[in-house]
Amino acid sequence: MKHVTISKLIGFGLVILLTASLVNAKGDDFGSVVKMIEQFYNVKHEGIPFLAKAGMKVVGTAAKIKGGTAKRLAEVGSIKLAVFEDQEFDGDLIKFRNSLNEALKQSWIPLVQTLSATDEEQSYIFVREQGNKFNVLVINIAQHEGTVVQATLSSKNLALLMKDPEGAGKNITNEATIIDQE
Amino acid sequence: MRLVFQRISIIPVLVVLLVIVSATAGHAQEPRIQMSHLDYLAAKATETVDVNIDERLVQIAIKVFSDKDPDEAQIKKLVAGLKGIYVKSFEFDADNQFSAADVDSIRNQLREPAWSRLVNVRSKRDSNVEVYVSLSGTSVNGLVVITSEARELTVVNIVGPVDLEKLAHLEGSLGIPDLGIEITKPKTKNEDQ
């Protein structure tokens, strides 16, 4: 009886370990980055999972309504978005950048990072391969607001991002947040 | 016993070989320079731009840039063979925010014989520009550009076969800032007269 219980416990432990490693392998870095920002700056995000999952069709329509000409970059339904509004992002920019780079260095490649100490603004673009497509992680933090966007891009749109990282990074953030503005 | 002596006599030879291999490896080291010590400047800069296009991203760029699009085809051709493009750029809202020691910390890594400074280069803008190339045999395998103004400091390091013309074409793409580099032709005797 005791033997069975121990076996069950070991089995249960193994399942937990396996699940944990699978989750880790999948690498939900989006969630980790959001959590990291929350802990570092003592802020709280507002997730918009439903709207983000609604896909880029909505964004396309919204862009048309707004008369926008922004090129759609993200793959349909691939956007993960976390928004920080009316919060105080008061902290050491360099320390945050170092922590972020350290946390993502295993699975993401930093493309461009811009900081402004005087305006207290930061933006980061990370890229990683996912099969024949690419994931992009765009993080923007200003004094009182921030966004974290993860999206999947086709190779064609990654080329656009690489050609003009700043412009395309802004486009991706706009695509993700335009729903919120409507 | 004889075998033991044979082994002992081999050790010094191995040590010498190791030293030679290490020295060769050191000489053939990739011309990537250290720039992270400049990071402290970001704390007082109005804008800091950090571009890190490592070999993985270069490979991705080659994969994703189209041959049909003339712009992309050109960038693809330019980055082919490169092992990395690294840029650190700082802009300040006041003078003297970076010191000569900051620039020297980069210059000190660019010593001869591995690095040579190009003299026929100037800036289209009012900035000091220094260009250094790393040579492997007769071919360039690395390039460093330092541009400095009263309120701006930019360091570009390209690892791999590159020349100034290539860099000039890459300006404005891949996050590389517009450096305003101009290659001046050396004057001929006739022009001097």
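First the proteins, then the strands, lettered A, B, ... as listed; each starts at 1.
Evaluated for a side chain to side chain contact (heavy atoms under 4.5 Å, CB included) with Val112(A), the options Val87(B), Ile53(B), Val51(B) yield exactly one hit, Val51(B). Checked against Met162(A) for a side chain to side chain contact (heavy atoms under 4.5 Å, CB included), the options Val79(B), Ile75(B), Leu57(B) give a single hit: Leu57(B).
Rounding to the nearest 0.5 Å gives a distance of 7.5 Å between CZ of Phe65(B) and CG of Leu158(A).
For Leu174(B), the parts lying under 4.5 angstrom from a heavy atom of chain A are both the backbone and the side chain. The parts of Leu115(A) that come within reach of chain B are both its backbone and its side chain, each placing non-hydrogen atoms under 4.5 angstrom from that chain. Only the backbone of Ala45(B) has a heavy atom closer than 4.5 Å to any heavy atom of chain A.
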If the cut-off is 3.5 angstrom, what donor-acceptor pairs do you find between chain B and chain A?
residue, atom, partner, partner atom, Å
Asp39(B), OD1, Arg97(A), NH2, 3.2
Asp39(B), OD2, Arg97(A), NH2, 3.4
Ala45(B), O, Ala117(A), N, 3.1
Thr46(B), O, Ser116(A), OG, 2.5
Thr48(B), N, Leu115(A), O, 2.7
Thr48(B), O, Leu115(A), N, 2.9
Asp50(B), N, Gln113(A), O, 2.8
Asp50(B), O, Gln113(A), N, 2.9
Asp50(B), OD2, Arg97(A), NH1, 2.8
Asn52(B), N, Leu111(A), O, 3.0
Lys63(B), NZ, Glu129(A), OE2, 2.5
Leu174(B), N, Met162(A), O, 3.4
Leu174(B), N, Lys163(A), O, 3.2

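For Ala42(B) against Ala117(A), the heavy-atom pair with the smallest separation is O-CB, 3.2 Å. For the residue pair Val64(B) and Ala159(A), the shortest heavy atom distance occurs at O-CB, 3.7 Å.
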